[in-house]
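Some notes on the structure that comes next.
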Amino acid sequence: MDRPVGTATRGTTNPNRLRRMDRWIAHAHGPALRHADPAPVAVDLGYGAAPWTAVELLQRLRTADPRCEVVGIEIDPARVSAARPYERAGLAFRHGGFEVPTTGRPSLIRAANVLRQYDESEVAAVWARLCGRLAPGGLLVEGTCDEIGRRHVWVALGPEGPRTVTFATRLGSLERPSDLAERLPKALIHRNVPGEPVHAFLRDFDRAWAAAAPYASLGARQRWIKAVTDLAGSWPLADDRRRWRQGEVTVKWAAIAPNSG
């Protein structure tokens with residue numbers, strides 16, 4: 001086969017690390033998966049040194065559509081060999097990279113903690129390449145989380161490009177919303193500086209969080225909901241209270257996209 005596109009990453013992984021991202025995908029993309037014909041295929045791109053995230057993705061997506069299949073793709077052939085004993089009906093592992101070597105076009109590509117290890121200048125081309133592999137109505141989810149899955153930030157993209165950015169956290173671990181800045185995906189992490197939209201968003205989120213301090217007596221969830229409710233007055237959020245209760249908030253990409261140049 002041709003040499004896979006991309007370079008090997010560190011491969012760090014842990015069970016349940018991507019649970020917040022997976023649950024959001026099952027919620028947000030579940031209707032599209034259920035309407036897919038033939039049965040939807042999801043790709044766990046760059047699953048790492050152990051196959052846990054691919055195994056868990058299959059379990060969680062099947063709550064949205066029992067027909068879902070998952071293909072774990074890794075650029076390191078040794079990692080593919082190590083994962084093969086975990087294959088079963090609906091779950092396979094293949095050697096590859098950003099070319100996404102699947103039969104047919106996948107309905108979902110999840111690339112977690114992969115592009116963080118690339119240069120910012122490479123992100124747009126990788127996004128375009130991955131989106132070009134999606135089936136009609138497909139979704140690319142690309143982002144970063146910490147080692148045990150407490151804090152995530154991810155971008156959701158369709159074939160036309162980026163749509164939204166989601167910030168998700170275990171609320172009990174949060175001191176202020178801008179703590180999530182350290183998990184911004186590569187397209188945004190170097191843009192968290194004055195004058196950039198993502199910096200303004202996190203600044204306003206911190207201010208709303210501080211103003212919601214009286215709600216802390218009711219618990220971190222109620223404080224988060226109040227802060228996000230206030231944030232919605234000045235930022236175009238793309239979700240509602242049902243997701244806010246999960247420690248999430250999703251904002252439209254156009255509002256926090258990096259300034260050109």
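Nothing here was measured: the structure is a model prediction, and the numbers come from that model. The residues of the chain are indexed from 1 along the displayed sequence.
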Problem - Stepwise side-chain contact (heavy atoms from CB on, under 4.5 Å) check, Arg170 with Leu174 - result: CA-CA 7 Å; Arg170 183 169 69 84; Leu174 192 71; over 6 Å; no
Problem - Check against side-chain hydrogen bond (donor to acceptor under 3.5 Å, both in side chains), Thr144 and Arg151 - result: CA-CA 8 Å; Thr144 305; Arg151 297 174 183 173; over 6 Å; no
Practice task
Using the salt bridge (Lys or Arg N to Asp or Glu O under 4.0 Å) rule, take Glu147 and Arg183 through it: C-alpha gap first, then chi angles, then the decisive distance, then the call.
Solution key: CA-CA 11 Å; Glu147 288 75 10; Arg183 298 301 163 184; 3.7 Å; yes
Exercise for the section: Would you check, one step at a time, whether the test side-chain contact (heavy atoms from CB on, under 4.5 Å) holds for Arg116 with Ile189? Expected result: CA-CA 9 Å; Arg116 184 67 179 267; Ile189 193 164; 3.0 Å; yes
Practice task
Please report the C-alpha distance between Glu56 and Arg17 in whole Å, then the side-chain angles of each, then the deciding distance to 0.1 Å, and finally whether the salt bridge (Lys or Arg N to Asp or Glu O under 4.0 Å) criterion is met.
Solution key: CA-CA 10 Å; Glu56 292 164 354; Arg17 187 182 189 188; over 6 Å; no
Handout entry: salt bridge (Lys or Arg N to Asp or Glu O under 4.0 Å) between Asp230 and Arg207, worked out
Key = CA-CA 10 Å; Asp230 291 348; Arg207 289 174 178 171; over 6 Å; no
Practice task
Applying side-chain contact (heavy atoms from CB on, under 4.5 Å), run through Tyr215 and Ile225 and close with a yes or a no.
Solution key: CA-CA 9 Å; Tyr215 286 76; Ile225 291 171; over 6 Å; no
Exercise for the section: Go through Leu115 and Glu142 one step at a time and tell me if the side-chain contact (heavy atoms from CB on, under 4.5 Å) criterion holds. Expected result: CA-CA 8 Å; Leu115 292 187; Glu142 187 272 309; 3.6 Å; yes
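Sorted by first then second residue, the ring pair (Phe, Tyr, Trp, His ring centres under 6.0 Å) pairs that include residues 96-117, not counting sequence neighbours, are Phe98-Tyr118.
Under a 3.5 Å cut-off, the side chain of Asp44 and the backbone N or O of Gly72 do not form any donor-acceptor pair. Side-chain atoms of Thr169 do not come within 3.5 Å of backbone N or O of Leu171 as any donor-acceptor pair. At least one donor-acceptor pair closer than 3.5 Å links the side chain of Glu122 to the backbone N or O of Asp119. With hydrogens and angles ignored, the 3.5 Å screen pairs no side-chain donor or acceptor of Arg163 with any backbone N or O of Lys252. A distance-only check finds a donor-acceptor pair linking the side chain of Asn113 to the backbone of Cys145 [under 3.5 Å]. Although no hydrogens or angles enter the test, the distance criterion places no donor-acceptor pair under 3.5 Å between the side chain of Glu248 and the main chain of Thr166. Side-chain N or O atoms of Asp65 include none that pairs as donor or acceptor with a backbone N or O of Pro40 at under 3.5 Å. A donor-acceptor contact shorter than 3.5 Å links the side chain of Arg133 to the backbone of Glu99. In this structure, the side chain of Glu196 does not engage the main chain of Val198 through any donor-acceptor pair within 3.5 Å. Distance alone, capped at 3.5 Å, is enough to place a donor-acceptor pair between the Arg105 side chain and the Gly132 backbone.
Nearest heavy-atom pair, Asn259 versus Gly195, reported as atom, atom and distance to 0.1 Å: ND2-O, 2.8 Å.
Of the N and O atoms on the side chains of Ser217 and Arg223, not one donor lies less than 3.5 Å from an acceptor on the other residue.
Judged as a ring-ring contact (aromatic ring centres under 6.0 Å, His included), and not counting sequence neighbours, Trp244 has no contacts. Residues meeting the side-chain contact (heavy atoms from CB on, under 4.5 Å) test with Val141, sequence neighbours left out: Met21, Trp24, Ile25, Leu108, Leu139, Trp154. Scanning for side-chain contact (heavy atoms from CB on, under 4.5 Å) contacts around Leu231 gives Phe201, Asp204, Phe205, Trp235, with sequence neighbours left out. Partners of Ser81 under the side-chain contact (heavy atoms from CB on, under 4.5 Å) rule, at least two apart in sequence or in another chain, do not exist in this structure.
In the hydrophobic clustering of this structure, Val126 groups with Leu188; members are Ile, Leu, Val, Met, Phe, Trp, Tyr whose side-chain heavy atoms approach within less than 4.5 Å, directly or through other members. Under the 4.5 Å side-chain contact rule for hydrophobic residues, Tyr47 and Val100 do not share a cluster. Connection of Leu130 to Leu57 is not established within any shared hydrophobic cluster, with ILVMFWY side chains joined at heavy-atom distances below 4.5 Å, either directly or through further cluster members. Val70 and Val114 sit in two unconnected hydrophobic clusters of ILVMFWY residues. Membership requires side-chain heavy atoms under 4.5 Å apart, directly or through other members.
Within a 6.0 Å radius of CZ in Arg203, more than 12 heavy atoms belonging to other residues, nucleotides or ligands are found. Within 6.0 Å of CZ in Arg242 there are 12 or fewer heavy atoms belonging to other residues, nucleotides or ligands.
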What side-chain donor-acceptor pairs closer than 3.5 Å can you find for residues 27-36, not counting sequence neighbours?
residue: His29; atom: NE2; partner: Ser107; partner atom: O; Å: 3.0
residue: Arg34; atom: NH1; partner: Ala64; partner atom: O; Å: 3.1
residue: His35; atom: ND1; partner: Pro31; partner atom: O; Å: 2.7

